[in-house]
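For the single chain, residues carry numbers from 1 onward in sequence order.
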Amino acid sequence: MNPAPVIIAIDGRSGAGKTTLAIELAARLRAHHKVSLFHLEDIYPGWNGLAAGVERYVSTVLAPLSRGGAASWTSWDWENHYDGDTRVTLPAEIVIVEGVGAAAEAARPLLSAVVWAESPDEVRRVRALARDGETYEPYWDQWAAQEEEWLGQDDVPGHADLRVQNLADGSAPADLLRLLPYLPALAPILAPELSARRGLCLRAERLDAAPDAPALFQSLYGRSGNAVWLDSSNAGAANQQVEADGDAAAAGRSRFSIMADDGGVFGQFVTHRAGESLVSAGSATAKVTGPFFRWLDTVWGRRAVRTPEGYPGQFTLGWLGCLGYELKRESGGSDLSAATPDAALIFAGRAVVLDHAAGDTWLLALEAPDAGEWLGEAKAAVEAATGPKAGAEAGGSTGVVHTPVPTFRSRDTGAGYRQKIAEAQHEISEGNTYEVCLTTTLEARIRADSLDPWDTYLALRRRNPAPFASYLRLGSLTVASTSPERFLKIASDGGMRAEPIKGTRRRAADPGEDEQLRTDLATSLKDRAENIMIVDLLRNDLSHFAVPGSVTVSRLCAIESYATVHQMVSTIDARLLPGSPRAEAVAACFPAGSMTGAPKISTMAILDRLEAGPRGIYSGAIGYFSLNAATDLAVAIRTLVINDGGDGTVELSLGVGGAITADSVPDDEYEEIRTKAFGVLSTLGATFPDE
């Protein structure tokens with residue numbers, strides 16, 4: 001008896017192209033494996049034999065194959081309408097079974113993976129009759145009725161691990177093969193297919209050009225359904241700050257901007273909700289159950305490309321997007337659901353990187369049949385976006401006009417938020433926590449046609465430029481962020497850095513008053529205490545995967561000034577222990593300690609009770625996971641989330657919060673969240689909700 005094989009079922013209605021898909025998939029898999037094929041059309045007992053054929057298939061074919069034995073079965077003679085000869089299907093490393101009913105309910109316990117193939121009705125009929133001609137045509141309706149009856153009782157598509165829109169353009173087998181290794185049941189045997197991804201060739205081209213960033217993004221990605229712009233929108237201001245006060249750390253955070261979408265041969269898109277990831281690649285979508293960070297470990301963390309010669313950045317293509325706060329369920333927090341995904345990422349096989357310090361542009365693309373064409377298009381777009389007239393459309397006001405102006409409601413009234421501050425201080429007095437980052441959420445529902453997310457983001461970035469600003473368009477979700485805070489950076493060489501912000505003062509128009517506010521923050525014992533507590537928390541988070549003794553605090557309670565606020569920032573550095581799983585190192589630090597309080601796990605439980613609702617994207621992270629094993633993630637604060645309701649409306653969401661300690665003054669804390677909300681709300685023409 002042979003070892004039990006991996007069995008992949010390809011199911012779907014007649015004419016969905018299952019046979020061709022199975023044959024082409026088998027041919028690709030045979031590069032590394034022994035593969036056996038079985039076609040259900042050989043066993044159905046006649047044109048009225050779908051149910052009986054499935055029963056025969058499960059008992060005489062699938063059962064012995066699943067045990068590693070040969071399957072001896074009786075074929076059907078379609079010309080004589082009677083049982084034909086006896087045939088044998090031998091086991092192999094991988095067995096592919098295809099046909100209507102291949103993944104029926106009785107079969108599924110014996111299968112390793114289920115693929116559901118789909119095609120439009122008119123395509124299916126033409127395809128099926130073209131293959132079987134006059135033999136099938138008289139029985140099309142009869143067979144279709146059986147399929148409908150069967151699917152009415154057995155939701156095979158709902159149980160599929162992968163679904164593929166098989167449009168007969170030749171793309172489906174390759175798309176399918178890109179996703180199959182993500183399935184836990186197939187990952188071990190498809191290790192060669194996964195390893196092939198780590199030998200990718202990266203093409204890079206440097207252009208001596210500093211294009212207008214908004215114009216370039218619109219040109220390249222304005223029509224992309226999924227696109228990401230990690231936008232160091234304060235690059236110019238950061239460089240001026242270095243000249244003024246030597247703050248090189250701020251300039252370093254603002255050096256690069258990255259633009260990409262999920263187009264091209266390698267493009268993928270993943271969303272994760274409550275233990276289930278949906279990964280799309282071209283025509284195929286896979287459903288992968290299990291924790292998000294476990295999935296991330298399968299696709300990121302091992303160096304897959306070499307950094308191009310002369311390229312100064314850490315991003316060398318890979319995954320970009322956002323992680324929601326509710327992923328805390330995987331790092332010691334409770335299990336809550338949000339209206340937005342727990343994670344949404346694109347895989348970019350090509351991207352544009354703007355080096356603001358050098359004043360040039362890098363085009364990056366994985367070697368592929370379409371790489372040369374894209375590089376040419378991107379170069380032309382960069383040239384068109386460079387020059388005095390390129391940014392005309394991106395100019396204008398720092399506000400956007402909406403009709404009507406969004407009216408935000410708050411999860412908490414002023415009195416209610418102050419009461420929660422008192423409850424947090426009670427928890428502190430009881431010794432259950434030292435510091436509580438208490439947040440609330442502002443929401444507004446408006447007509448979708450009354451707000452342009454792109455124009456809104458441009459206004460936000462002009463009003464409040466920030467080193468970790470970002471614009472994410474991910475399906476029905478848009479994220480417009482002007483975050484100043486780095487959550488976690490892991491360089492390709494293993495260097496780790498966290499830069500928490502705790503302590504905020506508003507900016508003032510009068511220079512004297514503004515300097516006084518900055519000094520007040522710098523000398524505030526309360527703000528320093530808050531910041532230092534979070535520094536201690538992050539030292540602990542980093543230490544889980546750090547070389548012992550490598551955790552250091554290189555900057556403590558420094559003051560950085562942005563367009564609308566002064567902030568107190570610290571820097572904690574460490575070195576990743578060689579061989580450590582990088583996805584788990586990220587998980588050990590997630591969510592950002594500056595957005596929870598200390599100690600983290602017990603304080604998150606307190607926050608769940610006090611806040612009485614999910615945070616969603618707010619308090620999560622935005623950034624990239626690069627193919628050279630680097631990551632750079634910002635904390636999702638100062639972030640407007642726009643979620644399409646699908647009914648002609650969109651839900652706007654803005655989270656705000658602050659750290660509560662034993663000596664916090666409720667009125668001051670409430671004023672702080674109003675200050676933090678001002679930049680976004682004023683850009684929209686909106687106001688903080690009345691108490």
Side-chain angles (χ1 to χ4, degrees), residues 1-30 33-115 117 124 127-147 149-150 154 156:
M1 188 72 71
N2 296 305
V6 164
I7 304 179
I8 302 170
I10 300 180
D11 207 333
R13 292 180 172 85
S14 292
K18 301 179 296 298
T19 302
T20 302
L21 183 59
I23 292 171
E24 293 183 0
L25 180 62
R28 293 169 185 264
L29 289 171
R30 285 186 178 121
H33 312 278
K34 292 182 178 179
V35 181
S36 181
L37 260 176
F38 176 77
H39 306 284
L40 265 72
E41 67 177 21
D42 294 334
I43 203 172
Y44 301 128
W47 293 108
N48 199 37
L50 175 57
V54 169
E55 185 176 341
R56 286 189 179 192
Y57 147 70
V58 173
S59 61
T60 66
V61 178
L62 199 54
L65 286 175
S66 68
R67 296 190 296 266
S72 179
W73 48 280
T74 302
S75 66
W76 182 255
D77 187 334
W78 289 96
E79 290 186 5
N80 296 311
H81 302 282
Y82 202 74
D83 284 345
D85 57 349
T86 299
R87 302 181 186 178
V88 176
T89 299
L90 298 175
E93 279 185 282
I94 299 174
V95 175
I96 299 176
V97 294
E98 69 82 18
V100 180
E105 183 177 10
R108 288 198 289 272
L110 305 177
L111 300 172
S112 307
V114 172
V115 177
R124 289 193 302 107
R127 182 187 283 156
L129 297 183
R131 188 188 69 178
D132 294 325
E134 297 177 358
T135 304
Y136 193 178
E137 188 166 12
Y139 301 100
W140 173 266
D141 292 335
Q142 178 182 342
W143 188 265
Q146 292 178 82
E147 292 180 355
E149 181 180 0
W150 161 58
D154 186 357
V156 179

> Atom OH in Y57, atom CG in L65: separation rounded to 0.5 Å?
Replying inline: 9.0 Å

>> I'd like to know if the side chain of N80 and the backbone of Y82 have a donor-acceptor N/O pair within less than 3.5 Å.
In response: no

>> On a heavy-atom basis, which atom in G49 and which in Q146 lie closest, and how many Å separate them?
In response: N-OE1, 3.5 Å

>> Check whether S66 reaches the backbone of A63 with its side chain - one donor and one acceptor, N or O, closer than 3.5 Å.
In response: yes

>> Check whether K18 reaches the backbone of A102 with its side chain - one donor and one acceptor, N or O, closer than 3.5 Å.
In response: no

> With side chains defined as the heavy atoms from C-beta onward, is the minimum distance between L40 and V100 less than 4.5 Å?
Replying inline: no

> Can we say D11 and R108 salt-bridge, meaning some charged N sits less than 4.0 Å from an Asp/Glu carboxylate O?
Replying inline: no

>> Taking D83 first and then R56, would you say they form a salt bridge - that is, a charged N and a carboxylate O separated by under 4.0 Å?
In response: yes

> So, for L90 and S36, which heavy atoms are closest and what is the spacing to 0.1 Å?
Replying inline: O-OG, 3.0 Å

> What's the shortest heavy-atom distance between G101 and V54, and which atoms?
Replying inline: CA-CG2, 3.9 Å

>> Is it true that, when you exclude E55 itself, more than 12 heavy atoms of the residues, nucleotides or ligands shown sit nearer than 6.0 Å to its CD?
In response: no

> Would you say the side chain of H39 lies within less than 4.5 Å of the side chain of T19, judging by non-hydrogen atoms?
Replying inline: yes

>> Can you confirm whether V95 sits close enough to V6 that some side-chain heavy atom of one is under 4.5 Å from a side-chain heavy atom of the other?
In response: no

> After noting the C-alpha distance and the side-chain angles of V61 and I43, does the key distance pass the side chain to side chain contact (heavy atoms under 4.5 Å, CB included) rule?
Replying inline: CA-CA 10 Å; V61 178; I43 203 172; 3.9 Å; yes

> If only atom types and distance count, is the side chain of S112 paired as donor or acceptor with the main-chain N or O of I7 below 3.5 Å?
Replying inline: yes

>> I'd like to know whether L50 forms a side chain to side chain contact (heavy atoms under 4.5 Å, CB included) with W150, so could you lay out the CA-CA distance, the side-chain angles of the two residues, the decisive distance to 0.1 Å, and finally the verdict.
In response: CA-CA 9 Å; L50 175 57; W150 161 58; 4.2 Å; yes

> Under 3.5 Å, side chain of E98 to main-chain N/O of I10, donor-acceptor pair present?
Replying inline: no

> Is the CD atom of Q142 crowded by more than 12 outside heavy atoms at less than 6.0 Å?
Replying inline: yes

> Stepwise, does the side chain to side chain contact (heavy atoms under 4.5 Å, CB included) test hold for L111 with L62?
Replying inline: CA-CA 8 Å; L111 300 172; L62 199 54; 3.9 Å; yes

> So do W47 and H81 actually touch side chain to side chain, heavy atoms under 4.5 Å?
Replying inline: yes

> Is any side-chain heavy atom of S72 closer than 4.5 Å to a side-chain heavy atom of T60?
Replying inline: no

> Judged by atom type as modelled, is there a donor-acceptor pair below 3.5 Å linking the side chain of S75 to the main-chain atoms of D42?
Replying inline: no

> Any chance CD of E147 has more than 12 other-residue heavy atoms, nucleotides or ligands included, within less than 6.0 Å?
Replying inline: yes

> Can you name the closest pair of heavy atoms from A70 and V88 and give their distance?
Replying inline: CB-CG1, 4.1 Å

> Taking atom CD1 of I94 and atom NE2 of H33, what is their separation to the nearest 0.5 Å?
Replying inline: 4.5 Å

> Distance from W76 atom CH2 to E41 atom CD, nearest 0.5 Å?
Replying inline: 14.5 Å

> Can the ring centroids of Y44 and W143 be said to lie less than 6.0 angstrom from one another?
Replying inline: yes

> So, for A106 and V58, which heavy atoms are closest and what is the spacing to 0.1 Å?
Replying inline: O-CG1, 3.9 Å

>> Please find the pair of heavy atoms, one from A103 and one from A9, that lie closest to each other, and give the distance.
In response: CB-CB, 4.1 Å

>> For L25 and I96: C-alpha separation, side-chain torsions, deciding distance, then whether side chain to side chain contact (heavy atoms under 4.5 Å, CB included) applies.
In response: CA-CA 9 Å; L25 180 62; I96 299 176; 4.2 Å; yes

